[in-house]
Amino acid sequence: MPEGHTIHRAARLQSKRFVGTELRVSSPQGRFDEGASLLDVHAVTEIDAWGKHLFYRWDHGHTLHVHLGLFGKFRIHADDPPPPTDGTRLRMVSERGTLYLSGPTDCRVIDPEEEDRIVSDLGPDPLRKKTHVSAVEHIETYLGRRTVPIGAALLDQSVICGIGNVYRAEILFRLGINPHIESRRLEAGDVQRIWDESVTQLRLGERNGRIVTTEPEDVGRRRRSDIARGERTYVYKRRGEPCRRCGTEIERADMKGRKIWWCPSCQP
DNA sequence: GCTGCATGATGAA
DNA sequence: TCATCCTGCAGCA
């Protein structure tokens with residue numbers, strides 16, 4: 001599901017299947033017919049992820065921009081794909097597989113200026129190897145200028161990109177930071193810790209293909225791979241349930257139009 | 001079959 | 001802050 005880890009994983013896995021071979025591109029749903037005809041019977045040279053954005057670069061100079069939004073989904077079939085559904089915006093077929101995309105917020109062929117605009121509006125991406133010169137400095141500069149709760153700041157993609165509603169809640173829990181704390185009142189070193197934790201957690205999510213932020217010892221398991229559904233987060237969607245560390249009831253509030261969860265004891 | 005909700009983001013008011 | 005866009009699914013009758 002679509003936070004930054006999903007997008008970077010999609011770029012990595014789809015590269016193997018779709019880069020460097022001629023593709024058949026169509027829009028079974030019909031809503032991407034024009035774009036598909038621009039790309040059909042050409043090859044992708046690179047699939048690049050920035051935060052929650054994907055850029056497919058084609059051999060004839062076009063760029064396909066995909067943003068999954070809340071509902072977007074990729075489905076990949078190695079062979080014998082089922083028939084596309086009514087919601088299949090994009091179908092891409094190579095000799096190594098078929099990709100279906102449904103429900104994206106954005107699926108468009110864009111020009112270089114627009115790509116620049118999208119990327120330059122993004123803060124540092126914890127999953128990009130070569131990131132901002134100083135990611136922490138960028139984040140601190142922003143946070144020092146605005147008076148927003150840190151929980152809201154983490155959803156602002158121009159501050160740090162790729163974090164979504166699950167990771168914002170889970171990262172703050174793991175660091176013991178209350179989401180309501182005004183971001184410019186964070187303690188020294190907190191931004192560095194937030195950055196480091198984001199790198200750690202998003203990398204883990206990219207590798208696993210799912211968000212698992214709990215440590216085995218906190219959910220009574222010996223191995224991370226054993227962690228069951230419903231045990232993968234500390235606070236996300238756990239209102240009223242006991243904190244896995246201290247037993248206090250998890251609380252929930254609205255923040256920046258989304259729900260946020262926290263443990264009032266572990267995150268004072 | 002219907003309702004509500006969801007890991008996102010934007011633009012108007 | 002609200003309405004809007006995008007889809008799929010669980011939960012309920």
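Chain A is the first sequence line, chain B the second, and so forth, proteins listed ahead of strands; every chain is numbered from 1.
With rounding to whole Å, A/Ile260 atom CD1 is found 16 Å from B/dA6 atom C1'. The distance between atom CD1 of A/Ile118 and atom P of B/dG8, rounded to the nearest whole Å, is 17 Å. If you take CH2 of A/Trp261 and P of B/dC5, they are 12 Å apart, rounded to a whole angstrom. Between the CZ atom of A/Arg108 and the P atom of C/dC6 there is a distance of 14 Å, given to the nearest Å. In this structure, CZ of A/Arg232 is placed 16 Å from P of B/dT7, rounded to the nearest angstrom. One can place CG of A/Leu154 at 12 Å from P of B/dG8, the figure rounded to the nearest angstrom.
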Distance-only check: which donor-acceptor pairs under 3.5 Å involve side-chain atoms of residues 29-39 of chain A, not counting sequence neighbours?
from, atom 1, to, atom 2, distance (Å)
A/Gln29, OE1, A/Arg89, NE, 2.7
A/Ser37, OG, A/Glu34, O, 2.7

Would you be so kind as to tabulate the donor-acceptor pairs closer than 3.5 Å made by side chains of residues 98-105 of chain A, with sequence neighbours excluded?
from, atom 1, to, atom 2, distance (Å)
A/Tyr100, OH, A/Pro82, O, 2.6
A/Ser102, OG, A/Arg75, NH1, 3.3

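Of the side-chain N and O atoms in A/Tyr236, one or more sit less than 4.0 angstrom from OP1 or OP2 of B/dT7.
If you take atom P in B/dG4 and the same atom in C/dA3, they sit 15 Å apart, rounded to whole Å. Taking atom C1' on both nucleotides, B/dT10 is separated from C/dG8 by 22 Å, rounded to a whole Å. If you take atom P in B/dC5 and the same atom in C/dC2, they sit 15 Å apart, rounded to whole Å. Spacing between B/dT7 and C/dT1 at atom C1', rounded to whole Å, works out to 22 Å.
The two atoms that bring A/Ala153 and A/Leu143 nearest to each other are CB-CD2, 3.6 Å, heavy atoms only. The heavy-atom pair separating A/Pro28 from A/Thr88 by the smallest distance is CD-O, 3.5 Å.
Counting Ile, Leu, Val, Met, Phe, Trp and Tyr side chains that sit under 4.5 Å apart, directly or through other members, A/Val212 shares a hydrophobic cluster with A/Val219, A/Ile227. Apart from A/Val93 itself, the hydrophobic cluster it occupies contains nothing, where clustering links Ile, Leu, Val, Met, Phe, Trp and Tyr at side-chain heavy-atom distances under 4.5 Å. Side-chain heavy-atom separations under 4.5 angstrom define the hydrophobic clusters, and the remaining members of the one that includes A/Leu70 are A/Phe71. A/Met255 belongs to a hydrophobic cluster whose remaining members, ordered by chain and number, are A/Ile260, A/Trp262; membership requires side-chain heavy atoms of ILVMFWY residues under 4.5 Å apart, directly or through intermediates.
Salt bridge A/Arg222/A/Glu217: absent, no basic N to carboxylate O contact under 4.0 Å.
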Item checked: Secondary-structure string, 5' to 3', Watson-Crick or G-U under 3.5 Å, | for another-strand partners, for DNA chain B -> ||||||.|||||.
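Pairs passing the ring pair (Phe, Tyr, Trp, His ring centres under 6.0 Å) check and including a residue from residues 200-259 of chain A, sequence neighbours excluded, read A/Phe173-A/Tyr234, A/Tyr236-A/Trp261.
A/Glu206 pairs in a salt bridge (charged side-chain N to carboxylate O under 4.0 Å, His left out) with only one of the listed residues (A/Arg12, A/Arg9, A/Arg128), which is A/Arg12.
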Interface polar pairs with nucleotides 1-4 of chain C, N/O, under 3.5 angstrom:
none

Listed pairs, N/O of protein and of nucleotides 7-9 of chain C, under 3.5 Å:
from, atom 1, to, atom 2, distance (Å)
C/dT7, OP1, A/Gln29, NE2, 2.5

Using a cutoff of under 3.5 Å, can you pull out all pairs of nitrogen or oxygen atoms linking the protein to nucleotides 9-13 of chain B, with atom names and distances?
from, atom 1, to, atom 2, distance (Å)
B/dA9, OP1, A/His67, NE2, 3.1
B/dA9, OP2, A/Lys52, NZ, 3.0

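Here A/Arg108 pairs with A/Asp106, A/Glu114 under the salt bridge (Lys or Arg N to Asp or Glu O under 4.0 Å) rule; sequence neighbours left out.
At a threshold of 4.0 angstrom between heavy atoms, the contacts of A/Lys237 are confined to the sugar-phosphate backbone, with no base atom among them.
When the shell of 6.0 Å around CZ of A/Arg203 is examined, it contains 12 or fewer heavy atoms from other residues, nucleotides or ligands. Counted within 6.0 Å of CG on A/Asp86, heavy atoms from surrounding residues, nucleotides or ligands total 12 or fewer; the atom is thus considered open.
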